[in-house]
Amino acid sequence: MAILLYTWLTLTTFGYRGWMHQLAKAFKKAGFSLEKVNFEVYKLPESFAVEPLLQESLCTESAFWEIDEDEAAAGTLPPQTDTGIQMAVDVDAGQPNLTPCWQLRRPEGCTSSFDHARRKWARERDREQNGHVPRSETLKKHVLDANVESLEFDTESVKVTFGAYSAVETKQPDARAVNSVEKLVTEHSFRYVEWKGIMGRVYTDSKDRICAILAGRPDDPKYLAAADSVYDLMKKEALEAGLTNIVAHRRGHFPAVNVGITHGNGTDGPINLDNGKYTELVNKLLCNQNVKRLASFASACFQMWMPKVYGYYRTYLDKLFSTIPSLRRIFPRSIFPTAAFNFGPNVWTFRHKDKFNCPFGMCAIQALGRFNPTKGGHIILWELKLIIEFPPASTILIPSATISHSNIPVADGDERASFTQYCPGGLFRYVDAGFRKEKDLRVQDPILYEKLKVSRGGMWRLGLELWSRPMDFH
């Protein structure tokens with residue numbers, strides 16, 4: 001029975017020739033060769049036709065893989081290989097023949113689902129090549145109609161390291177103090193921002209560059225349900241993994257797990273973060289379709305609002321991942337190489353900057369949980385002197401190495417967690433140095449090292465010029 005089930009599954013998935021190829025691979029793995037195996041040949045009746053069965057399986061498979069259009073745009077995986085194309089088997093050559101599935105012809109008698117799936121696969125190919133390119137109606141709804149407010153913040157005055165791939169450590173006064181809305185508004189002249197967490201709102205610096213993005217969320221109950229599901233999953237997995245105790249660190253008193261790749265703080269090169277005993281927890285989160293959906297939405301917002309910075313990320317990170325294949329991309333549809341799961345039930349951060357993140361890059365912060373955003377959970381942007389309501393399921397993008405930020409605790413009985421994505425600036429520095437540490441470049445190629453030093457002298461200003469201006473969208 002098991003053999004029959006395997007044969008049926010393989011036939012419906014790969015077709016007859018694919019089944020033969022899979023069978024040959026199985027024999028080879030077991031140490032056999034097809035020449036050493038004696039087969040008994042049975043002739044089927046002439047009335048038995050394999051082709052209709054294969055045609056039906058192709059139609060069934062395409063219908064099975066159909067996914068909701070909204071989910072497709074927000075992070076659900078399509079039926080594809082790592083390269084985004086379907087595998088067909090060339091029996092004569094004995095090797096897979098890569099046939100793009102969007103070029104496949106629809107079998108006669110097949111439902112329109114095949115055409116639908118082919119169009120989705122074509123969109124997926126385009127997304128892999130160009131990222132989440134926003135459609136014109138999306139730009140109008142979320143960007144052109146967004147509220148824009150100008151501030152007197154001088155971004156260029158922020159201190160960064162030479163080369164602008166990390167920020168300079170600055171002392172945060174009363175960093176661990178529990179702040180209240182009333183105190184910040186009355187005593188420190190902060191401005192309170194009411195925000196429902198749906199429609200976009202952006203803030204510009206003194207040079208009219210966008211420096212903070214309230215990206216919002218889709219006005220869709222299914223997206224809200226996905227965010228709730230992520231919070232419930234994080235709560236459940238944290239409980240099972242023993243991540244329930246208050247953990248003190250520089251960002252706050254809550255348990256957090258970082259995942260993805262990093263470079264800096266003594267590493268010889270980019271590495272995959274080792275999650276140790278929490279590896280199983282992390283894998284469950286990364287494989288969850290709702291987590292992927294949130295990650296994809298944040299990345300799409302990043303590309304929509306900051307296309308030049310997004311392009312910078314894409315150029316450097318594509319080079320990095322192709323040069324070091326052992327590095328793990330944590331999400332198939334998010335540009336961010338690193339993420340943090342901040343577990344509740346009361347996540348609020350101290351006043352801080354994430355100095356090792358790229359200063360001209362963006363960090364995507366997504367609030368999770370069940371809390372009243374008018375009573376707590378606000379994000380405080382200190383240099384901008386803003387206190388912003390930050391509702392569950394909504395997304396905010398800020399340069400987390402450049403702007404000091406913190407939160408107000410949620411009210412008693414409320415629960416809050418968060419999910420953030422970011423990019424360590426050390427990854428870019430490593431690529432610039434020819435995929436090595438700068439001190440190694442100085443020894444191995446002094447001329448190139450000096451050229452790199454000269455070119456990076458004005459990198460902070462060049463990086464800031466990658467930031468969008470409102471006029472860029474008109």
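Every heavy atom of this structure was used, including side-chain atoms; hydrogens, water molecules and symmetry mates were not. The structure presented is a predicted model; accordingly, all values stated were derived computationally and were not measured.
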Answer whether the closest heavy-atom distance between the side chains of T204 and R469 falls below 4.5 Å.
no

Nearest heavy-atom contact between V309 and F360 is CG1-O, 3.7 Å

Which pairs count as salt bridge (charged side-chain N to carboxylate O under 4.0 Å, His left out) when at least one residue sits in residues 152-166, sequence neighbours excluded?
E156-K207, E156-R209, E156-R461

Compare every heavy atom of A401 with every heavy atom of P359, then report the nearest pair and how far apart it is.
CA-CB, 3.9 Å

Flag if over 12 foreign heavy atoms under 6.0 Å of CD, E194
no

Side-chain contact, heavy-atom cut-off 4.5 Å: D354 with H405?
yes

Run the ring-centre check on F153 versus Y203 and record whether the distance is less than 6.0 Å.
no

Ring centres under 6.0 Å, that's the criterion: do F254 and W348 meet it?
no

Going from NE2 on H352 to CH2 on W382, what distance comes out if it is rounded to the nearest 0.5 angstrom?
12.5 Å

R217 vs Q366 side-chain heavy atoms within contact, under 4.5 Å
no

Can you confirm whether more than 12 heavy atoms, excluding those of K375, are under 6.0 Å from its NZ atom?
no

Using modelled atom types and a 3.5 Å cut-off, is there a donor and acceptor pairing between side-chain atoms of S299 and backbone atoms of A295?
no

Full working for side-chain contact (heavy atoms from CB on, under 4.5 Å) between I261 and F321:
CA-CA 10 Å; I261 65 173; F321 282 110; 3.7 Å; yes

Anything under 30° is parallel, anything over 60° is perpendicular, the rest tilted; go ahead and classify H188 against F190.
perpendicular

Walk me through whether S404 and E383 qualify under side-chain hydrogen bond (donor to acceptor under 3.5 Å, both in side chains).
CA-CA 7 Å; S404 304; E383 286 81 2; 2.8 Å; yes

I would like to know whether R329 and R333 meet side-chain contact (heavy atoms from CB on, under 4.5 Å); could you show each step before the answer?
CA-CA 10 Å; R329 284 189 186 266; R333 292 185 180 177; over 6 Å; no

Does atom CD (E280) have a neighbourhood of more than 12 heavy atoms from anything else shown, all under 6.0 Å?
no

Flag, side chain of T323 to backbone of L320, donor-acceptor distance under 3.5 Å
no

Please assess K353 against T170 for the test side-chain contact (heavy atoms from CB on, under 4.5 Å), listing each intermediate value before the final yes or no.
CA-CA 8 Å; K353 290 182 181 180; T170 55; 4.1 Å; yes

How far does CG of D440 sit from CG of D268, to the nearest 0.5 angstrom?
8.0 Å

Please find the pair of heavy atoms, one from F162 and one from G457, that lie closest to each other, and give the distance.
CE1-CA, 3.7 Å

Under the criterion side-chain contact (heavy atoms from CB on, under 4.5 Å), I'd like the reasoning laid out for L286 against F341: C-alpha separation, chi angles, the key distance, then a yes or no.
CA-CA 10 Å; L286 294 182; F341 294 95; 4.2 Å; yes

For the atom pair NZ (K319) and CZ (F435), what is the distance rounded to the nearest 0.5 Å?
6.5 Å

Would you say the side-chain atoms of N258 pair up with the backbone N or O of A256, donor to acceptor, closer than 3.5 Å?
no

Roughly how far, to the nearest 0.5 Å, is CE of M234 from NZ of K236?
13.5 Å

So that I can tick it off, tell me whether D232 and R370 are bridged by a salt bridge, with the cut-off set at under 4.0 angstrom between side-chain N and carboxylate O.
yes

Take the angle between the ring planes of H263 and Y430 and call it parallel below 30°, perpendicular above 60°, tilted in between.
perpendicular

Main chain of N372, side chain of D414: is a donor-acceptor contact present, judged purely on distance under 3.5 Å?
yes

Could you walk me through whether W305 and F473 pass the ring pair (Phe, Tyr, Trp, His ring centres under 6.0 Å) check?
CA-CA 9 Å; W305 283 105; F473 301 105; 5.8 Å; yes

Short question: side chain of S394, backbone of F390 - any donor-acceptor pair under 3.5 Å?
no

Taking every heavy atom of A433 against every heavy atom of L452, the minimum-distance pair comes out as CA-CD2, 4.2 Å

Of all heavy-atom pairs linking G377 and N407, the shortest is O-ND2, 3.9 Å

State which residue, out of N342, L233, D228, L294, fulfils the side chain to side chain contact (heavy atoms under 4.5 Å, CB included) condition with L368.
L294

Considering all heavy atoms of both residues, which atom of A212 and which atom of I398 are nearest to each other, and what is their separation?
CB-CG2, 4.3 Å

I213 vs C301 side-chain heavy atoms within contact, under 4.5 Å:
no

Starting at CH2 of W195, measure out to CD1 of I379 and round the result to the nearest 0.5 Å.
9.5 Å

Can you tell if the side chain of T338 reaches within under 4.5 Å of the side chain of Y422, non-hydrogen atoms only?
yes

Is the side chain of D174 donor-acceptor paired with the backbone N or O of A177 at a distance under 3.5 Å, no angle test?
no

pair P399-M362: side-chain heavy atoms closer than 4.5 Å:
yes

Any side-chain heavy atom of Y316 sitting closer than 4.5 Å to one from C423?
no

For the atom pair CD1 (I387) and CD (E182), what is the distance rounded to the nearest 0.5 Å?
8.5 Å

Tell me if a side-chain donor or acceptor on R191 pairs with a main-chain N or O of L386 at a distance below 3.5 Å.
no

Could you check if a side-chain atom of F302 sits within less than 4.5 angstrom of a side-chain atom of Y313, using non-hydrogen atoms only?
yes

